[in-house]
Amino acid sequence: MSTQTTGEAVGSAQQVSGMRGVQAPGPAESTFDKDFEAPERRTVGAGTEGLAISGASHGDRLTQMREGTLGSIHSWELVTAVDGPGTRMTVFFAGCPLRCLYCHNPDTFKMKDGESVTSDELLRRIRRYRALFRATGGGLTISGGEVLMQPAFAATILKGAKAEGIHTTIDTSGYLGASCTDEMLENIDLVLLDVKSGDEATYKKVTGRELQPTLDFGRRLAAKDIEIWLRFVLVPGLTDDVENVEKVAQYAATLSSVSRVEVLPFHQMGLDKWKTLGLKYELADAEPPSKELLERVRDQFRSKGLTVY
């Protein structure tokens with residue numbers, strides 16, 4: 001869900017060389033490449049460049065998606081220090097059940113807007129970077145959109161990556177955690193769990209959905225000792241209430257497999273996309289959090305004994 005919620009990633013994200021035809025933009029250039037806008041601390045994405053697009057008929061596509069051999073892909077990229085450890089191939093699935101007010105990839109909302117790519121084709125691309133993953137301690141991250149909108153396809157890709165000895169990560173809101181089977185969990189090394197709010201009403205306002213499925217999924221991950229990096233997007237006037245943050249921090253502290261918390265400052269990187277899509281953007285006047293507010297919130301998590309970035 002680069003994640004859709006990524007504000008400021010830890011470390012300096014650097015685009016890895018070797019993506020054909022992709023160059024970092026100059027000061028006056030757009031960060032768009034094939035209609036993909038890079039999140040903050042990224043450069044440009046590759047869209048679906050380098051992936052063969054399936055020409056299957058509508059009926060065949062539906063069958064293959066149910067079987068987990070075909071998925072709807074928004075884009076992919078190679079990036080360092082953003083979506084998990086080391087250099088990652090991050091694949092953005094199309095489709096998301098949430099409508100987060102601060103989403104910077106609203107063009108991933110609908111599964112039908114993605115490109116149809118077979119599991120064999122995507123795994124072929126993933127295997128190309130095995131040496132790079134080994135050298136950097138990196139691997140595969142599946143984001144979105146929402147990865148669990150396409151659980152069968154995600155399961156196929158995760159299983160295939162693990163068979164190659166590749167570290168696997170999913171970036172998810174957890175809202176569709178019930179769709180993640182125990183077998184799928186066996187092929188996941190790390191979960192970037194986006195907890196948008198600790199207060200039910202605030203969560204509903206931010207996402208249009210309910211909080212409880214996310215809480216349940218996090219507890220399930222912890223019970224299976226699957227490593228979690230918990231992410232929280234800090235939006236002044238929306239998610240910064242002391243009690244709201246306290247609830248998220250308390251929840252994080254109950255999950256024994258949380259190894260770090262990332263407090264991600266809100267940004268306006270997705271504003272142009274909302275306008276282009278003709279969607280109402282309710283946070284047009286919102287400002288990024290001040291350094292003082294950011295530290296206050298991080299301190300709330302630290303007070304629970306959590307490692308915070």
Side-chain angles (χ1 to χ4, degrees), residues 1-10 39-40 96-104 146 148 171-178 191-223 226-271 280-309:
M1 191 161 314
S2 74
T3 106
Q4 294 189 24
T5 58
T6 302
E8 179 182 17
V10 178
E40 189 176 24
C96 185
L98 274 57
R99 292 296 181 264
C100 297
L101 298 180
Y102 48 67
C103 179
H104 63 236
E146 169 55 59
L148 297 177
D171 180 7
T172 177
S173 70
Y175 179 74
L176 296 178
V191 175
L192 310 180
L193 183 62
D194 302 310
V195 181
K196 323 270 183 190
S197 172
D199 174 74
E200 180 70 45
T202 303
Y203 193 94
K204 183 79 170 180
K205 181 177 181 180
V206 170
T207 70
R209 297 289 188 173
E210 296 74 36
L211 171 61
Q212 193 60 46
T214 295
L215 303 180
D216 293 342
F217 187 58
R219 294 183 180 114
R220 184 175 166 213
L221 295 172
I226 297 172
E227 184 179 9
I228 299 169
W229 290 8
L230 189 144
R231 289 173 157 182
F232 173 73
V233 179
L234 178 59
V235 186
L238 182 62
T239 66
D240 61 338
D241 179 75
V242 173
E243 287 303 314
N244 182 51
V245 174
E246 192 67 16
K247 288 178 180 179
V248 179
Q250 289 173 350
Y251 170 69
T254 69
L255 303 180
S256 58
S257 62
V258 169
S259 61
R260 66 194 283 172
V261 172
E262 295 179 353
V263 179
L264 308 175
F266 166 76
H267 61 71
Q268 291 284 10
M269 293 291 287
L271 176 58
K280 181 181 179 181
Y281 184 62
E282 297 184 16
L283 300 181
D285 296 326
E287 297 288 338
S290 65
K291 291 182 179 180
E292 292 77 14
L293 176 57
L294 190 58
E295 280 309 300
R296 189 218 83 195
V297 170
R298 285 175 172 159
D299 282 343
Q300 285 187 257
F301 285 96
R302 292 187 186 110
S303 71
K304 304 294 187 275
L306 297 160
T307 300
V308 184
Y309 292 86

Practice problem: Would you check if V206 and L238 make a side-chain contact, meaning some heavy-atom pair closer than 4.5 Å? | Solution: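 Sidechains of L238 and V206: in contact.
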Practice problem: Answer whether the closest heavy-atom distance between the side chains of T214 and K196 falls below 4.5 Å. | Solution: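 Not in contact.
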Minimum heavy-atom separation for [X] and [Y], please, with both atom names.
| X | Y | answer |
| --- | --- | --- |
| K205 | L101 | O-CD1, 3.5 Å |
| Q300 | V242 | NE2-O, 3.1 Å |
| L193 | G218 | CD2-CA, 3.8 Å |
| I228 | A222 | CD1-N, 4.3 Å |
| L271 | A284 | CD1-CB, 4.5 Å |
| E200 | Q212 | OE1-N, 4.1 Å |

[atom1] of [X] to [atom2] of [Y]: how many Å apart, nearest 0.5 Å?
| X | Y | atom1 | atom2 | value |
| --- | --- | --- | --- | --- |
| H267 | E287 | NE2 | CD | 14.0 Å |
| S259 | L306 | OG | CG | 10.0 Å |
| Y203 | L98 | OH | CG | 5.0 Å |
| R298 | L293 | CZ | CG | 10.5 Å |
| F232 | D240 | CZ | CG | 8.0 Å |
| F266 | L234 | CZ | CG | 10.5 Å |

Self-check item: side-chain contact (heavy atoms from CB on, under 4.5 Å) assessment of L255 paired with L221
Solution: CA-CA 8 Å; L255 303 180; L221 295 172; over 6 Å; no
Practice problem: Step by step, work out the side-chain contact (heavy atoms from CB on, under 4.5 Å) result for V261 and K304. | Solution: CA-CA 11 Å; V261 172; K304 304 294 187 275; over 6 Å; no
Practice problem: Let me know which of T202, D241, V245 forms a side chain to side chain contact (heavy atoms under 4.5 Å, CB included) with S197. | Solution: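 Result for side chain to side chain contact (heavy atoms under 4.5 Å, CB included) with S197: T202.
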Self-check item: Any residue meeting side-chain contact (heavy atoms from CB on, under 4.5 Å) with K247, in chain and number order, not counting sequence neighbours
Solution: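 K247 satisfies side-chain contact (heavy atoms from CB on, under 4.5 Å) with D199 once adjacent residues are dropped.
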Practice problem: Salt-bridge test for D299 and R296: reply yes if a basic N is under 4.0 Å from a carboxylate O, no otherwise. | Solution: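 Result for this pair is no, no salt bridge flagged.
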Practice problem: Answer yes or no: is there an ion pair linking E227 with R260, defined by an N-O contact shorter than 4.0 Å? | Solution: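 The answer is no: the pair does not qualify as a salt bridge.
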Indicate yes or no for a side-chain donor-acceptor contact from [X] to the backbone of [Y] under 3.5 Å, with no hydrogens or angles considered.
| X | Y | value |
| --- | --- | --- |
| R220 | G177 | yes |
| E246 | G198 | no |
| R99 | C96 | yes |
| S257 | I226 | yes |

Exercise. Apply side-chain contact (heavy atoms from CB on, under 4.5 Å) to the pair T172 and E146, showing each step before the final yes or no.
Key: CA-CA 6 Å; T172 177; E146 169 55 59; 2.7 Å; yes
Practice problem: List the steps and the verdict of side-chain contact (heavy atoms from CB on, under 4.5 Å) for K204 and E210. | Solution: CA-CA 6 Å; K204 183 79 170 180; E210 296 74 36; 3.0 Å; yes
Practice problem: List for me each residue that meets ring pair (Phe, Tyr, Trp, His ring centres under 6.0 Å) alongside Y251, sequence neighbours excluded, and say none if there are none. | Solution: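 Testing Y251 for ring pair (Phe, Tyr, Trp, His ring centres under 6.0 Å), a comparison that skips the adjacent residues, returns none.
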Exercise. Tell me yes or no: between the side chains of T207 and Y175, is some donor less than 3.5 Å from an acceptor?
Key: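 No.
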